[in-house]
Participant: 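Before anything else, here's the structure in question.
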Amino acid sequence: MTTFVLVHGAWHGGWCWSRVARLLRERGHDVFTPTMTGLGESSHLLSSRITLMTHIKDVVGVLRWEDLEDVVLVGHSYGGMIITGAADREAGRIRSLVYLDAFVPADGESALDLRPKERSAASLKLAREKGEGWRLPPTSAATFNVNEADREWVDGKCTDLPIGCFTEPLTLTGAVDGIGNFMYIRAGGYDAPNFDTAMDRVRGKPGWTIHTLDCGHDVMVDMPAELTDLLEQAAA
């Protein structure tokens, strides 16, 4: 039995992991799917004060208050920023890190730093024009190439994201590097140069394995069974 903590990406919530969480639990694992402050069922707490560090503290809180050890910590998309920060602060609790079509940041980098400049500029403009300067409306499920049957469901669940989650740089001590067991999973059916760059950044590094699944960005929605198999590999 393994303990998994599954961290969603921007605009999503713990809801997006429901299929994978069910499969993992059926196989005897413990699974936590926290929703970050201001998103999903916590969207009533949406505030301009929420930043990347808020979400790192959300995950650190789960690790500490649930007394979790030997954890497989998984981050999707923007969630790669969150799990890197959380693991750096609680490295002794982590067995392995899984980056699911996610950013793999270094010390001092923000999510906007890791995206193409034109996309980052477009996000800042969108926040100014449609989010009062601090909220970023969701990217559509169609843009993420979510399978057609689930697009309406995903769009109906996604909520605005505070832009501070993208603009705040990550501060690391280097403790995360000592975990030594990492996996990168790329969604091969989703065109995103920033995640190609993230995958290339870790390719060939000691302790890393790389996999590709032929689906859209929301892998946990499109290919839950295949993803579950890979997560069990990360646990092993």
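The residues of the chain are indexed from 1 along the displayed sequence.
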Participant: Under a single-linkage definition using a 4.5 Å side-chain heavy-atom cutoff for Ile, Leu, Val, Met, Phe, Trp and Tyr, are Leu23 and Leu230 assigned to the same hydrophobic cluster?
Facilitator: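 No: no chain of side-chain contacts under 4.5 Å links Leu23 to Leu230.
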Participant: Can a donor-acceptor pair be found between the side chains of Arg89 and Thr173 at a distance below 3.5 Å?
Facilitator: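 No.
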Participant: What closest approach, in Å, do Phe166 and Ala10 show between heavy atoms, and which atom pair accounts for it?
Facilitator: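 Closest approach of Phe166 to Ala10: CZ-CB, 3.9 Å.
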Participant: If Ile, Leu, Val, Met, Phe, Trp and Tyr residues are connected whenever their side-chain heavy atoms lie under 4.5 Å apart, and connections chain through other members, are Trp153 and Met223 in the same group?
Facilitator: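 Trp153 and Met223: one cluster.
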Participant: Taking Trp15 for the side chain and Glu41 for the main chain, is one N or O donor matched with an acceptor at less than 3.5 Å?
Facilitator: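 No; judged by distance alone, with no hydrogens or angles, the pair does not exist.
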Participant: Are the side chains of Asn181 and Leu97 in touch, meaning some heavy atoms are under 4.5 Å apart?
Facilitator: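 A side-chain contact is absent here, since even the closest heavy-atom pair is not under 4.5 Å.
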Participant: So do Asp70 and Ile94 actually touch side chain to side chain, heavy atoms under 4.5 Å?
Facilitator: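 Ile94 does not reach Asp70 side chain to side chain.
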Participant: Testing the 3.5 Å rule here: is there a donor-acceptor pair between the side chains of Thr143 and Ser140?
Facilitator: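 There is such a pair between these side chains.
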Participant: Give, for atom CD1 of Ile82 and atom CG of Leu52, the distance between the pair rounded to the nearest 0.5 Å.
Facilitator: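 Going from CD1 on Ile82 over to CG on Leu52, the span is 6.5 Å.
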Participant: Just verifying a value: how many Å separate His211 NE2 and Glu226 CD, rounded to the nearest 0.5 Å?
Facilitator: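 Reported to 0.5 Å precision, the distance equals 13.5 Å.
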Participant: Nearest 0.5 angstrom please: Lys125 NZ to Arg128 CZ, how far?
Facilitator: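 Reported value, rounded in 0.5 Å steps: 8.0 Å.
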Participant: Considering all heavy atoms of both residues, which atom of Gly216 and which atom of Ala187 are nearest to each other, and what is their separation?
Facilitator: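 Heavy atoms only, the tightest pair is O-CB, 3.3 Å.
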Participant: Do Met220 and Ser18 have side chains that approach each other closer than 4.5 Å (heavy atoms only, starting at C-beta)?
Facilitator: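 With C-beta onward as the side chain, the pair stays apart.
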Participant: Closest approach of Arg19 and Val221, non-hydrogen atoms and distance?
Facilitator: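 In this case the closest contact between Arg19 and Val221 is NH1-O, 2.9 Å.
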Participant: Can you see whether Trp65 has Arg93 sitting over its ring - NZ or CZ less than 6.0 Å from the centre and within 45° of the normal?
Facilitator: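 Verdict for Trp65: no cation-pi partner in Arg93.
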Participant: Any donor and acceptor pair, going by atom type alone, linking the side chain of His8 with main-chain N or O of Met36 inside 3.5 Å?
Facilitator: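 Answer holds: yes.
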Participant: Using atom types as modelled and distance alone, determine if a side-chain donor or acceptor of Asn194 lies under 3.5 Å from a backbone N or O of Pro116.
Facilitator: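 Checked: no pair found.
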Participant: Do side-chain atoms of Ser96 reach the backbone of Ala234 as a donor and acceptor pair under 3.5 angstrom?
Facilitator: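 Answer holds: yes.
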Participant: Are any of the side-chain heavy atoms of His12 and Leu39 separated by less than 4.5 Å?
Facilitator: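 Counting from C-beta outward, His12 and Leu39 never come under 4.5 Å.
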Participant: Mind running side-chain contact (heavy atoms from CB on, under 4.5 Å) on Val59 and Ile56 for me, showing each step along the way?
Facilitator: CA-CA 5 Å; Val59 175; Ile56 290 171; over 6 Å; no
Participant: With a 4.5 Å cut-off on side-chain heavy atoms, are Leu227 and Glu232 touching?
Facilitator: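 No, every pair of side-chain atoms sits at 4.5 Å or beyond.
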Participant: Starting from Val60, can I reach Ile50 by hopping between I/L/V/M/F/W/Y residues whose side chains sit under 4.5 Å apart?
Facilitator: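 The answer is no; the residues belong to distinct hydrophobic clusters.
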Participant: Return the minimal non-hydrogen interatomic distance between Cys215 and Asp222, and the atom names on each side.
Facilitator: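 In terms of heavy atoms, the two residues are closest at CB-CB, 3.7 Å.
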Participant: How far apart are the C-alpha atoms of Ile210 and Arg203, what are their side-chain angles, what is the distance that settles it, and do they pass the side-chain contact (heavy atoms from CB on, under 4.5 Å) test?
Facilitator: CA-CA 7 Å; Ile210 295 177; Arg203 190 185 302 277; 3.8 Å; yes
Participant: Do the ring planes of His76 and His217 sit parallel (below 30°), tilted (30 to 60°) or perpendicular (above 60°)?
Facilitator: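 Tilted.
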Participant: Within the side chain of Glu168, is there an N or O that forms a donor-acceptor pair under 3.5 Å with the backbone of Met53?
Facilitator: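 Between the backbone of Met53 and the side chain of Glu168 there is a qualifying donor-acceptor contact (under 3.5 Å).
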Participant: Working to the nearest 0.5 Å, report the span between CG of Leu46 and OG1 of Thr159.
Facilitator: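 Atom-to-atom, Leu46:CG and Thr159:OG1 are 7.0 Å apart.
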Participant: Is it true that a side-chain atom of Thr228 and a backbone atom of Leu24 form a donor plus acceptor pair closer than 3.5 Å?
Facilitator: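 No, Thr228 side chain to Leu24 backbone: no donor-acceptor pair under 3.5 Å.
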Participant: So which atom in Cys165 and which in Leu161 form the shortest heavy-atom distance, rounded to 0.1 Å?
Facilitator: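 Distance-wise, the nearest heavy atoms are SG-CD1, 4.0 Å.
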Participant: Is it true that atom CD of Glu152 has more than 12 heavy atoms of other residues, nucleotides or ligands lying nearer than 6.0 Å?
Facilitator: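 Incorrect, the count does not exceed 12.
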Participant: Taking the ring of Phe32 and the ring of Trp17, is the distance between their centroids below 6.0 Å?
Facilitator: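 Centroid separation for Trp17 and Phe32: 6.0 Å or greater.
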Participant: Do Pro105 and Leu170 touch side chain to side chain, with heavy atoms closer than 4.5 Å?
Facilitator: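 Counting from C-beta outward, Pro105 and Leu170 do come under 4.5 Å.
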Participant: Checking side-chain hydrogen bond (donor to acceptor under 3.5 Å, both in side chains) for the pair Asp101/Ser77: CA distance, chi angles, key distance, verdict?
Facilitator: CA-CA 5 Å; Asp101 225 31; Ser77 195; over 6 Å; no
Participant: Would you say that Asp160 contacts Leu136 through its side chain, given a criterion of any heavy-atom pair below 4.5 Å between the two side chains?
Facilitator: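 They are not in side-chain contact.
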Participant: Name the one of Leu63, Leu68, Val31 that satisfies side chain to side chain contact (heavy atoms under 4.5 Å, CB included) with Thr3?
Facilitator: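 One option only clears the test, and that one is Leu68.
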Participant: Is the closest side-chain heavy-atom distance between Leu114 and Met81 below 4.5 Å?
Facilitator: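 Yes - at least one pair of side-chain heavy atoms lies under 4.5 Å apart.
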Participant: Should Tyr78 and His55 be marked as a side-chain contact (heavy atoms from CB on, under 4.5 Å) after you check the CA-CA gap, both sets of side-chain angles, and the distance that decides it?
Facilitator: CA-CA 11 Å; Tyr78 156 70; His55 292 166; 2.9 Å; yes
Participant: Report the C-alpha distance between Ser123 and Arg115 in whole Å, list the side-chain angles of each, state the deciding distance to 0.1 Å, and finish with yes or no for side-chain hydrogen bond (donor to acceptor under 3.5 Å, both in side chains).
Facilitator: CA-CA 10 Å; Ser123 293; Arg115 304 172 81 206; 2.6 Å; yes
Participant: Which pair of non-hydrogen atoms, one from Ala175 and one from Asp88, has the smallest distance, and what is that distance?
Facilitator: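 Scanning both residues completely, I find the closest heavy atoms to be N-OD1, 3.0 Å.
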Participant: Is the count of non-hydrogen atoms from other residues, nucleotides or ligands lying under 6.0 Å from Arg49 atom CZ greater than 12?
Facilitator: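 Counting neighbours around CZ of Arg49, 12 or fewer heavy atoms of other residues, nucleotides or ligands fall under 6.0 Å, so no.
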Participant: Hydrophobic clustering (ILVMFWY, side-chain heavy atoms < 4.5 Å, transitive) - are Val62 and Val176 grouped together?
Facilitator: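 Yes.
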Participant: Please find out if less than 6.0 Å separates the ring center of Phe103 from that of Phe195.
Facilitator: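 Centroid separation for Phe103 and Phe195: below 6.0 Å.
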Participant: What distance separates Thr84 OG1 from Asp107 CG, expressed to the nearest 0.5 Å?
Facilitator: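 Taking OG1 in Thr84 and CG in Asp107, the distance rounds to 11.5 Å.
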Participant: Are any of the side-chain nitrogens in Lys205 or Asp177 under 4.0 Å away from the carboxylate oxygens of its partner?
Facilitator: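 No.
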Participant: Taking Met199's backbone N and O only, do any of them form a donor-acceptor pair with Arg186's side chain (distance below 3.5 Å, no angle check)?
Facilitator: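 A pair under 3.5 Å: no.
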Participant: What about Phe144 and Tyr190, are their ring centers closer than 6.0 Å?
Facilitator: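 Here the rings of Tyr190 and Phe144 have centres that are less than 6.0 Å from each other.
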Participant: Taking atom types as modelled and ignoring hydrogens, do the side chains of Asp113 and Ser110 form a donor-acceptor contact shorter than 3.5 angstrom?
Facilitator: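 Side chains of Asp113 and Ser110: pair found under 3.5 Å.
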Participant: Show, in sequence, the C-alpha distance, side-chain angles and deciding distance for Val98 and Leu231, and conclude whether the side-chain contact (heavy atoms from CB on, under 4.5 Å) test is met.
Facilitator: CA-CA 8 Å; Val98 179; Leu231 295 184; 3.9 Å; yes
Participant: Between Ser42 and Gly38 (side chain of the first, backbone of the second, donor and acceptor by atom type, cut-off under 3.5 Å), is there such a pair?
Facilitator: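 Absent.
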Participant: For the atom pair CD1 (Ile179) and CD (Glu90), what is the distance rounded to the nearest 0.5 Å?
Facilitator: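 These two atoms lie 10.5 Å from each other.
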Participant: Between Asn147 (side chain) and Asp150 (backbone), is there a donor-acceptor pair under 3.5 Å?
Facilitator: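 Checking the backbone N and O of Asp150 against the side chain of Asn147, a donor-acceptor pair under 3.5 Å is found.
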Participant: Tell me whether the rings of Trp208 and Phe182 are parallel (<30°), tilted (30 to 60°) or perpendicular (>60°).
Facilitator: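 The arrangement is parallel - the two ring planes meet at less than 30°.
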Participant: May I ask you to decide whether Glu109 forms a salt bridge with Arg201, counting only side-chain N to carboxylate O separations under 4.0 Å?
Facilitator: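 Salt bridge: yes.
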Participant: Look at the side chain of Asp218 and the backbone N and O of Val146, then say whether any donor-acceptor pair between them is shorter than 3.5 Å.
Facilitator: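 Judged by distance alone, no pair lies under 3.5 Å.
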Participant: Would you indicate whether Glu148, at its atom CD, is surrounded by more than 12 heavy atoms from other residues, nucleotides or ligands within a distance under 6.0 Å?
Facilitator: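 Open: at most 12 neighbouring heavy atoms sit under 6.0 Å from CD of Glu148.
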